[in-house]
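Reading through the structure tokens given below for one structure.
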Number of protein chains: 2
Amino acid sequence: MAEGPTINTIARHAGVSIASVSRVLNGLPTREETVRRVLRAAEELGYVPNSVARSLKSRRTNQVAFAMADIGNPVYLAMVREIQPVLRAAGYRLLLHSTDADVADELDVLRGLGERYVDGLIMIPLRVTEGHLSALAAARAPVVVIGSVPEGAGVDNVRTDSRTGVRLALDHLYGLGRRRIAFVNGPADTVPGAARAAAYREALDALDLPYDEDLVEVGDFYRAEGARAVRALLDRAGDVDALMCANDLIALGALDVLRRAGRRVPEDVAVVGMDDTDLAAVAWPSLTSVSLGSARRGRAAAELLLDRLENGEREPRVVTVEPRLAVRASTVGARAAEEYGENGAAGEAGDGGEGAREAGRTAGEEGIR
Amino acid sequence: MAEGPTINTIARHAGVSIASVSRVLNGLPTREETVRRVLRAAEELGYVPNSVARSLKSRRTNQVAFAMADIGNPVYLAMVREIQPVLRAAGYRLLLHSTDADVADELDVLRGLGERYVDGLIMIPLRVTEGHLSALAAARAPVVVIGSVPEGAGVDNVRTDSRTGVRLALDHLYGLGRRRIAFVNGPADTVPGAARAAAYREALDALDLPYDEDLVEVGDFYRAEGARAVRALLDRAGDVDALMCANDLIALGALDVLRRAGRRVPEDVAVVGMDDTDLAAVAWPSLTSVSLGSARRGRAAAELLLDRLENGEREPRVVTVEPRLAVRASTVGARAAEEYGENGAAGEAGDGGEGAREAGRTAGEEGIR
DNA sequence: TGCGTTGCTGTAAACGTTTACGGATGGGAT
DNA sequence: ATCCCATCCGTAAACGTTTACAGCAACGCA
């Protein structure tokens, strides 16, 4: 792995100074003859500029980091999928941090900004602690947070409105005649957990349905936990006729348990998930799910960050992405689901719904490998 | 965003030279008193070392890139999931390149190594052209290729054995009494496409089954394409009793089409996918799939790269990952699938199977938000 | 007293760029 | 012939580190 040529090598080779080489390579006005000699030397030597040196001088790395809990989660994945091309088009490389939802890790990432290995950061914390707020305030590079953050935090913020999201789902279930609507949540001390719990109560209120503790079970955002929670629910309240699940994984667990228990979905129990991930369309019956616009949130975050990178002193901005309900078989049955078309399980190239189309891509391009 | 303190600021603040500061911060032997003053100043000023400057001097970036066609593909995702923690544990950051399976893009990434923004690269090309081989030979940093590459390429290589993989699937189907086993492939000019096509012929041979052109359909590796291909197949050869699909997405498309056509899976038609992605366990009926060990391949690649980074002049090494068959309901029916347990649709935290467990993680940790 | 050690520190060069500044050259105007 | 200006280019400094080297002080020993 021979040491590559530098601007110096080229200068010697072309018989000019390094300043001239740099000028030519950066397209600054230079005498024709010099340009030719430099380009020829560069070509011959296979010169490639060293981005580290360039970064040191220019104070820009052309890299942006995305930090989330776990890249394995389809929600974050949908975001990465949108973020990547946006950044790439603007000339940025994307760096990935999986924090395992570990608060200390998240803070490390924020502090790490001081190392200047990226120009900016998109982060999606599961919990927002005091530590987060002060680290955000002290951050040495622009940060965009996905997930609600207090007004005063001074960072660009992309939110979703889980209140409305849960509301959409419950209205839908109510409209289908369901009255015993249970709720399976993830940990209450996470941002989404807390928001969704509150949203559930409010939505019940709005529908004049009573809040029944027996109908609420708290577990974790995983499939196995979802299954466990649903088993507990069925034991306790056998008469539930609908399940509102705080994310799609929980809902998938629910489908398994219901199947085993011999309850038909949706005839006996309707199931709604949340996040509208790829999995929702693949499940059987296909899963009605509240889309919180992961793709749109990802794109918005990337765009906010790019804007901020070009215009450092703007006021922090808050973008809110409206939820939508993707109606599928788990609430209206397979037959009817077909008619909703758009969201149906069949025919679409495995994408999660809105994001891809909004981005102006075709289903074909969106398809996976 | 005030300019952060540098080693110079600290030196002035502590009344010592920058060399001393550097020594203290790097733990080189220094007088007690100096150490204290430097650390104190660093603390007070909130000093964070600039990684760009450090990289320039040390010629190491502590970054590694992973280049694949599309991060949205669950196969690559499974790899990222394994690669990330391995690299992270060794102190490397992970950079992601989505190349959209574009040959020019892939070559750009290889040439980009000359910019030295990463110490190494893990790449998984969909096609391997002459251009790839020469770019690999000229690469300015260590590269590990996932996917077969000719012996002479001079790079570390992680392979799978799709021959055996397809063989496992066909043996399984044959064992279940299936004799009209169709094959739905992706583009023949891709590395996996070509390999799987050849493997199908061989496996038929080994089973003494005739090769029937009518039973082969070529489309693309997407779900919609899979659906289209299967419709064509059914029109042409209504008597198929098994479908070997070249990846899980195709298989999902197949499940949809079969359901619509009123063919029961697996009673009328058994379906096998390939790659054993997360989706296989979620589908209904859950999908029997050939695991090509994406997770294991990812980990192996990361380990090869790390090894090479520490030991640059080693001979290139080839690691081959053995395929396995994950038997689920789409071939043996839901009842029997339960008994295979391990691979069943229920209970596991949405992971793709082997990878997570091999890595010594628990299902809980693995789970998706 | 002088010299060699030892232990610590500071100076300066280096990594590979970009860029401010000034010097050289040549042409046109006076 | 002189002066001015424009054009092009080279020198050198700077970005923030690491590190080779040399200097210095204190000390032990002859």
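Only a predicted model underlies this, so the values are computations on that prediction, with no experimental measurement involved. Below, chain A is the first sequence line, B the second, and so on; all start at residue 1.
Summarising the geometry, the separation between CG on B:N26 and P on D:dT17 is reported as 11 Å, rounded to the nearest angstrom. Between A:L45 atom CG and C:dG16 atom P the separation is 14 Å, expressed in whole Å. Whole-Å rounding puts the A:E115 CD to D:dT17 C1' distance at 13 Å. Following rounding to the nearest Å, A:I7 (CD1) and C:dT19 (C1') show an atom-to-atom distance of 11 Å. Taking atom CZ of B:R12 as the reference point, atom P of C:dG10 lies 15 Å away to the nearest angstrom. Atom P of nucleotide D:dT17 and atom CG of B:N8 are separated by 8 Å, given to the nearest angstrom. We find that OH of A:Y117 is positioned 16 Å from P of D:dT17, with the value rounded to whole Å. Nucleotide C:dG7 holds its P atom 15 Å from the CG atom of B:L28, rounded to whole Å.
Using a 4.0 Å cut-off between a side-chain N of Lys or Arg and a carboxylate O of Asp or Glu, B:R314 and B:D156 qualify as a salt bridge. Ion pairing between A:R317 and A:D307 holds under the 4.0 Å rule for side-chain N and carboxylate O. Using a 4.0 Å cut-off between a side-chain N of Lys or Arg and a carboxylate O of Asp or Glu, A:E33 and A:R37 qualify as a salt bridge. In this structure, A:R40 does not pair ionically with A:E43, as no charged nitrogen and carboxylate oxygen lie closer than 4.0 Å.
Residue contacts shown for A:S22 include a base, since a base heavy atom lies under 4.0 Å away.
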Evaluation steps, side chain to side chain donor-acceptor pair (under 3.5 Å), between B:Y76 and B:R81: CA-CA 9 Å; B:Y76 302 139; B:R81 231 148 112 187; over 6 Å; no
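In this structure, B:R54 has no salt bridge (charged side-chain N to carboxylate O under 4.0 Å, His left out) partners at least two apart in sequence or on a different chain. A:R12 meets the salt bridge (charged side-chain N to carboxylate O under 4.0 Å, His left out) test with no other residue; sequence neighbours excluded. For A:Q63, the side-chain hydrogen bond (donor to acceptor under 3.5 Å, both in side chains) test picks out A:R93, B:Q63, with sequence neighbours left out. Partners of B:R88 according to the salt bridge (charged side-chain N to carboxylate O under 4.0 Å, His left out) rule, which considers only residues two or more places apart in sequence or in another chain, are A:D105.
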Below 3.5 Å between N/O atoms, which protein atoms pair up with nucleotides 4-10 of chain D? Just atom names and distances, please.
| residue | atom | partner | partner atom | Å |
| --- | --- | --- | --- | --- |
| D:dC8 | O3' | A:R31 | NE | 3.4 |
| D:dC9 | OP1 | A:R31 | NE | 2.9 |
| D:dC9 | OP1 | A:R31 | NH2 | 3.2 |
| D:dC9 | OP1 | A:T34 | OG1 | 2.1 |
| D:dC9 | OP2 | A:R31 | N | 3.2 |
| D:dG10 | OP2 | A:S17 | N | 2.9 |
| D:dG10 | OP2 | A:S17 | OG | 3.0 |
| D:dG10 | OP2 | A:S20 | OG | 2.8 |
| D:dG10 | N7 | A:R23 | NH2 | 2.9 |
| D:dG10 | O6 | A:R23 | NH1 | 3.0 |

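Within residues 47-65 of chain A, the residues having any heavy atom under 4.0 Å from DNA chain D are, by residue number, A:L56, A:K57, A:R59.
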